[in-house]
2 protein chains.
Amino acid sequence: MKSPQEVFADYLAGKNLKTTPQRRLILDTLLKQGGHLSSEELYAKVKKRDSSIGQATVYRTLKLLNESGLIEPLDFADGVTRYEPSYGEEHHDHLICERCGNNIEILDKTIENRQEELAKEHGFTLVRHKMYLYGVCPECRKKKG
Amino acid sequence: MKSPQEVFADYLAGKNLKTTPQRRLILDTLLKQGGHLSSEELYAKVKKRDSSIGQATVYRTLKLLNESGLIEPLDFADGVTRYEPSYGEEHHDHLICERCGNNIEILDKTIENRQEELAKEHGFTLVRHKMYLYGVCPECRKKKG
DNA sequence: GTCGATGCAAATGTTTTGCAGAGAG
DNA sequence: CTCTCTGCAAAACATTTGCATCGAC
């Protein structure tokens, strides 16, 4: 299996785009960090390693990484788009606590299968899906309510 | 069952807020229109009936309507938040065509039940969920690819 | 060298907020 | 009468874009 770095380089090369130090640094930081970073948060982290980097480059690179299939945008309904590394990772959805923002990755074959069937029943070819479960986690429930 | 207008009036009264002509007009327009309106689109429709109304009032009222449980925000991943009337309506999810933007409302008990179970398995109390299936509709598939 | 990439600042698009006057309870 | 509401314009956000310069290939 190719490394994410290779995948990115190949994607760029295939579109006559260039592999620059900034792009490498951004991918590298994102992979090391993992998790669910917003562009802003990623920018801050990247800036620590190269203070001359610009915000726009981070946004532009995130777009490329998404197109190359290396990362996935997430929407936790708080106004910012977050990203998570998705290359080589099994797909999963998110269970989010509405009180503390904590979130757990979930995966359920029953649901995945039904989604595929449902799309088919309507004649659709399913490309991707997003599922977010919002609730209250055990810790927050104990605290109040 | 209470009418949406009553629900809204009760919600406002309960918070010592006021039932104004603007708020009534916005709710009324939204209900008559149904569907998946963005704030911008709703503002345009409302303005036809009362040209003196302001954008901000529409945003503020949408927030109140959401809190009162009358409408539901939707995210079709196109940068704008849309709203749909949800009071007295059975919950449903959305199957969206990535090419033409057309979308179909779907509901599946198997999935709904599994979601509830999944949350429970992690100790969460499920409050709500969002599921979007993105694909290509039959018409668009015929046209190309 | 050439053409894409970068950093900066300005622009964009959506949503929020401050404020002074208007109006519901 | 008292607070909340409204419209307006300005502000606040996240994100995108134009441009001159820089640098990967």
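Naming convention: chains lettered A, B, ... in sequence-line order (proteins, then strands); numbering from 1 in each chain.
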Practice prompt. Could you tell me whether B:Arg128 and A:Glu98 have a side-chain N and a carboxylate O separated by less than 4.0 Å?
Written response: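 A salt bridge links B:Arg128 with A:Glu98.
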Discussion item. Distance alone, cut at 3.5 Å: any donor-acceptor contact between the side chains of A:Lys63 and A:Tyr59?
Written reply: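 No pair is found: no donor N or O on one side chain lies under 3.5 Å from an acceptor on the other.
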Practice prompt. Mind calculating the distance between CD (A:Glu41) and C1' (D:dC13) to the nearest angstrom?
Written response: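 In whole Å, D:dC13 C1' and A:Glu41 CD are 15 Å from each other.
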Worksheet item: Atom OH of B:Tyr43 to atom P of D:dT6: distance rounded to whole Å?
Response: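 That distance rounds to 14 Å.
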Fill in: Nearest atoms (heavy-atom pairs only) where A:Leu95 meets B:Ala119
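Result for this residue pair: CD2-CA, 4.2 Å.
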Practice prompt. Determine the sole option in A:Lys45, A:Lys47, A:Glu41, A:Glu40 for which the side chain to side chain donor-acceptor pair (under 3.5 Å) test with A:Tyr43 is passed.
Written response: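 Only one option passes, and that is A:Lys47.
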Practice prompt. Between protein and nucleotides 12-22 of chain C, map the contacts as a letter string: B base, S sugar-phosphate only, - none, heavy atoms under 4.0 Å, written 5' to 3'.
Written response: --SBBBB----
Worksheet item: For the side chain of A:Pro21, counting heavy atoms from C-beta on, which of D:dC5, C:dT6, D:dA24 is nearest?
Response: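 So the side chain of A:Pro21 is nearest to D:dA24.
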Worksheet item: Does any residue of residues 7-18 of chain A have a heavy atom under 4.0 Å from DNA chain C, and if so, which ones, in number order?
Response: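 Heavy-atom contacts with DNA chain C come from A:Asn16, A:Leu17, A:Lys18.
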Worksheet item: So, B:Asn113 side chain and B:Lys109 main chain: donor-acceptor pair closer than 3.5 Å or not?
Response: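 Yes; at least one donor-acceptor contact below 3.5 Å.
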Discussion item. Assess the residue pair A:Gln115 and B:Met131 against the criterion (side-chain contact (heavy atoms from CB on, under 4.5 Å)); give the C-alpha distance rounded to whole Å, side-chain angles, the decisive distance to 0.1 Å, and a yes or no.
Written reply: CA-CA 10 Å; A:Gln115 287 171 336; B:Met131 184 175 80; 3.2 Å; yes
Item to complete: Respond yes when some side-chain nitrogen or oxygen of A:Thr20 is under 4.0 Å from OP1 or OP2 of C:dA5, and no when none is.
Response: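 False: A:Thr20 side-chain N/O out of range (4.0 Å or more) of C:dA5 OP1/OP2.
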